[in-house]
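Because the structure is a prediction, the values reported are computed rather than measured. We count residues from 1, following the sequence as given. Remember, it's 1-based here, ligands and their atoms both numbered in the order they're listed. Hydrogens, waters and symmetry mates are skipped; everything else that's a heavy atom, side chains included, is used.
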Amino acid sequence: MRLRTFESFWLLKNGLLNSYPSLEKNISTEIIVIGGGITGALISDALISKNYKVTLLDKRDIGQGSTSATTSMLQYEIDTPLHKLADIMGEESAAECYKAGIKAIQDLGKLVGLKKIDCGFQKKRSLYCAHNKKAAEDLYKEFEIRNKYKLGVKWLTPAIVKKQYDIVSEGAILSGTAASVDAYKLTHELIRLNVKKGMQVFDQTDISEFDCRDDGVTVITKNGSRVDGKKIIFCSGFESTSLLKEKIAKLFYTYACVSEQNIAINKNIKDTLIWDTQDPYLYLRTTDDGRLLIGGEDSSNNISLFQQQKKEKKSTTLITKLGKLIPGLHFVEDFSWAGTFGSTKDGLPYIGASPEFANALFVLGFGGNGITFSVQGRSIITDLLAGKKNKLAQYYRFKR
Ligand SMILES: Cc1cc2nc3c(=O)[nH]c(=O)nc-3n(C[C@H](O)[C@H](O)[C@H](O)COP(=O)(O)OP(=O)(O)OC[C@H]3O[C@@H](n4cnc5c(N)ncnc54)[C@H](O)[C@@H]3O)c2cc1C
């Protein structure tokens, strides 16, 4: 599956940070983690911290899947608004999922601080702007329910949004918890630190067969090497959809571009993730090297992801929309890219066991909150492995 176009910003910015050998022999381990993106990096780190013996395998180089294409906005807001999620699963449970997002952002900040990882992690706020009057009515309803559950929100009138952010809107929810990060660098750093603690990593190691039995698991690579273990944790991103019979997500493409460095922008935008209520939506954030990153314009995946013309047209549309949101802003594009994206029926991830695979657990954080969901996967997976109950695992279960 094509996960992204070539010019993904983080890869260009950081280059190839670490390379690992491919697997050329048979080995055995305790836990096999499939996937060396941000999810595999976070989950294997949690497993190593609980003293499991872990082997991580990836068919690409580390971080070269969706992780190098992400715009890495860390938000607690799920793609499904809280008032709609409440209709699906009940208000209390929906609010719990939202609160878990806030905790995940705080937990990731602590992890990065504790391990002193230089990955551009910045605490931010998040501003969700209504693009017209009807959207503002719905958004105000959303504000009320978030406020009821004390999610740290304020309602900003159109005049205040304009005054504080230079943004044209019909009103907005300002949330106090959000962050941004360079997920590609974070992935590499976490994996590098855990290799020092004994984790085995093999890249360019494509797993073509999974034998998940009641007494253990075996994976076989395309070149015939095998790994025996007790459990598999699938952190294999959007490509996992082709492994499962259960239809867990719809896949499409999404687009992003970054400006040149040192863009002249309202100082409050530097500390705030912005997104709007349009469909397809527009979102923006600054980067730690002084650029503005904008994204959105999701479209179906029945076009070629590599159509240069399509990508260029999409970034022109994004820049035009940006001009309407922030009139007078001078945005000069440096790079643009596109990537595969997925959404689930309720905006929640799939984390836990699928009845289709014995002795395996999945961490599939699809949607706009992929990274915050992967952070939540850390305690879910370690709890499930330890035989403990986990409330979130109930909400994020397969066959729901
Ligand atoms: C343009 C864009 C913007 C985005 N913006 C955001 C955002 O703002 N916030 C957010 O939270 N999320 C965002 N996302 C989503 C986010 O990128 C993903 O949730 C996240 O990167 C998923 O990480 P992952 O590790 O699960 O998947 P990946 O990074 O794709 O890693 C999975 C790895 O598994 C490996 N693998 C798969 N199958 C096999 C196999 N059979 N054998 C061996 N290895 C295998 C792959 O090679 C891959 O490296 C965005 C995505 C895109 C494309």
Are [X] and ligand 1 in contact, using a heavy-atom cut-off of under 4.0 Å?
{"X": "Thr205", "value": "yes"}
{"X": "Tyr255", "value": "no"}
{"X": "Thr340", "value": "yes"}
{"X": "Gln64", "value": "no"}

Less than 3.5 Å between some nitrogen or oxygen of [X] and one of ligand 1, yes or no?
{"X": "Gly40", "answer": "no"}
{"X": "Trp337", "answer": "no"}
{"X": "Ser66", "answer": "yes"}

With atoms numbered from 1 as shown, which atoms in ligand 1 lie under 4.0 angstrom from a non-hydrogen atom of [X]?
{"X": "Gly65", "answer": "29 (O), 30 (O), 49 (O)"}
{"X": "Ile371", "answer": "10 (C), 11 (O)"}
{"X": "Thr254", "answer": "1 (C), 2 (C), 52 (C), 53 (C)"}
{"X": "Tyr283", "answer": "3 (C)"}
{"X": "Gly365", "answer": "19 (O)"}

Looking only at protein heavy atoms, identify the closest one to [atom] and say how far it is in Å.
{"atom": "atom 10 (C) of ligand 1", "result": "Gly368 O, 3.2 Å"}
{"atom": "atom 32 (C) of ligand 1", "result": "Cys235 O, 3.5 Å"}
{"atom": "atom 19 (O) of ligand 1", "result": "Gly370 CA, 3.3 Å"}
{"atom": "atom 34 (O) of ligand 1", "result": "Gly35 CA, 3.3 Å"}
{"atom": "atom 48 (C) of ligand 1", "result": "Asp58 OD2, 3.4 Å"}
{"atom": "atom 27 (O) of ligand 1", "result": "Gly237 CA, 3.7 Å"}
{"atom": "atom 45 (C) of ligand 1", "result": "Lys59 CG, 3.8 Å"}
{"atom": "atom 29 (O) of ligand 1", "result": "Thr67 OG1, 2.6 Å"}

**OP:** Go through the steps for Leu392 and Ile351 under the test side-chain contact (heavy atoms from CB on, under 4.5 Å), then give the verdict.
**Re:** CA-CA 9 Å; Leu392 289 174; Ile351 303 180; over 6 Å; no

Ion pair present between [X] and [Y], side-chain N to carboxylate O less than 4.0 angstrom?
{"X": "Lys84", "Y": "Asp79", "value": "no"}
{"X": "Arg192", "Y": "Glu189", "value": "yes"}
{"X": "Arg60", "Y": "Asp58", "value": "no"}
{"X": "Arg146", "Y": "Glu77", "value": "yes"}
{"X": "Glu260", "Y": "Arg291", "value": "no"}

**OP:** Output, in order, the C-alpha distance, side-chain angles, deciding distance and verdict of side-chain contact (heavy atoms from CB on, under 4.5 Å) for Leu284 and Leu325.
**Re:** CA-CA 11 Å; Leu284 43 133; Leu325 192 74; 3.8 Å; yes

Subject >> side chain to side chain donor-acceptor pair (under 3.5 Å) against Asp271, all qualifying residues, sequence neighbours excluded >> reply: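 Result, side chain to side chain donor-acceptor pair (under 3.5 Å) vs Asp271: none returned.
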
**OP:** Before giving the answer on side-chain contact (heavy atoms from CB on, under 4.5 Å), spell out for Tyr184 and Gln64 the whole-Å C-alpha distance, their side-chain angles and the decisive distance to 0.1 Å.
**Re:** CA-CA 8 Å; Tyr184 176 73; Gln64 302 263 337; 3.8 Å; yes

Original post:
Is a side-chain donor or acceptor of Gln200 paired with a backbone partner of Leu56 at a separation under 3.5 angstrom?
Top reply: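 Flag not set: sc Gln200 to bb Leu56 has no pair under 3.5 Å.
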
Original post:
Where's the contact between Leu3 and ligand 1, heavy-atom distance under 4.0 Å: side chain, backbone, both or neither?
Top reply: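 It is the side chain that touches ligand 1; the backbone stays farther off.
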
Subject >> Thr286 and Lys124 side chains, donor-acceptor separation under 3.5 Å >> reply: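 Note: Lys124 and Thr286 side chains meet the donor-acceptor criterion.
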
Subject >> Mutual orientation of the aromatic rings belonging to Phe9 and Phe335 [parallel < 30°, tilted 30-60°, perpendicular > 60°] >> reply: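 Tilted, since the angle between the ring planes falls between 30° and 60°.
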
Subject >> Option with minimal heavy-atom separation from atom 40 (C) of ligand 1, where the choices are Leu56, Ile207, Thr70, Ile38 >> reply: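 Closest candidate by heavy-atom distance is Ile207.
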
Original post:
Which residue from Lys222, Met1, Met73, Gln204 reaches closest to atom 9 (N) of ligand 1 through any of its heavy atoms?
Top reply: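 When every heavy atom of Lys222, Met1, Met73, Gln204 is considered, Met73 comes closest to atom 9 (N) of ligand 1.
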
Would you be so kind as to tabulate the donor-acceptor pairs closer than 3.5 Å made by side chains of residues 105-118, with sequence neighbours excluded?
residue: Asp107; atom: OD2; partner: Lys103; partner atom: NZ; Å: 2.8
residue: Lys115; atom: NZ; partner: Asp45; partner atom: OD1; Å: 3.1
residue: Asp118; atom: OD2; partner: Lys185; partner atom: NZ; Å: 3.4

